[in-house]
*Asks:* 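Please see the structure below; I have some questions.
As the structure lists them, so they are numbered: ligands from 1, and atoms in each ligand from 1.
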Amino acid sequence: MKIGRFEVGGKSRWGVFDVDDGIVIPVKGSIFGDFELEDSSFKIEDVSILTPVVPSKVVCVGLNYRDHAEELKMPIPDEPILFLKPSTSVIGHNSAIIAPSFCNRVDYEAELAIVISKVCKNVSPSEAEDYILGYTCLNDVTERNFQKKDGQWTRAKSFDTFCPIGPWIETELDWRNLKVRAYLNGELKQNSNTNNMIFGVYDIVSFVSKIMTLLPGDVIATGTPPGIGEMKNGDEVVIDIEGIGVLRNYFIKE
Ligand code: MG
């Protein structure tokens, strides 16, 4: 099932997206608890797709693909390397990624994102699946020069609009063998598979939950494969993850 948020007539709502029929069906209740489908529906083309959740935080894993570590000639980490993106960096499908003029090199990073379903603290890897609502696409937009210069990544990763997520959450998905792709202006730039992940989804959720309490709607980005690259003013960037869908955004350099 594909669930997310949309806006129509100035009102934001949760809904279930039926991509084959091109419709979204509003839901009554909470996507984090019990909900029912309403009798009405809208054409997807007639609504604005919003961020599928409003996370309190976005936790990210750095360097989690074997093929990317080899590309960078970096050793395989023995524990996940974590950093945060602020909630204010989150934008949805079809929104603009906007980089201030003092940014120099702004890159896309295609990532599978985990969406948390309920309060999650100190869970084991075998328990982690119970705390996952589903999966979405995420673009871990990064100012590469600031990342290198600062020695830590807060400035590089945290600009407003630097965390596109969406277009919706797929709740029934086996994360272990999914194609992860990024396209820049239609050209394939990243092309890997989640089977190259160093740390799997359940190990990551468990690891993060032993550090901080994860809340419903929180997002964990699982790292990017090889092929990251720079966006220029006016570029279209697409993150396409098998079984989820296509997250499309535009890059604006101020
Ligand atoms: Mg990343």
*Asks:* Considering just N/O/S atoms, say which atom of E109 is closest to the Mg ion (ligand 1).
*Replies:*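 Among the N, O or S atoms of E109, the one closest to the Mg ion (ligand 1) is OE1.
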*Asks:* Verify the ring-centre separation between F207 and F199: is it less than 6.0 angstrom?
*Replies:* no
*Asks:* What atom name does the N, O or S atom of E111 nearest to the Mg ion (ligand 1) carry?
*Replies:*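 Looking at E111, the N, O or S atom with the least distance to the Mg ion (ligand 1) is OE2.
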*Asks:* Taking atom types as modelled and ignoring hydrogens, do the side chains of D107 and T142 form a donor-acceptor contact shorter than 3.5 angstrom?
*Replies:* no
*Asks:* Can a side-chain donor-acceptor contact be found between R176 and T194 if the only test is distance below 3.5 angstrom?
*Replies:*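 There is no such pair between these side chains.
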*Asks:* Among the N, O or S atoms of D140, which one sits nearest to the Mg ion (ligand 1)?
*Replies:* OD2
*Asks:* Could you tell me whether E109 and K157 make a salt bridge, using a distance below 4.0 angstrom between a side-chain N and a carboxylate O?
*Replies:*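 Salt bridge present between E109 and K157.
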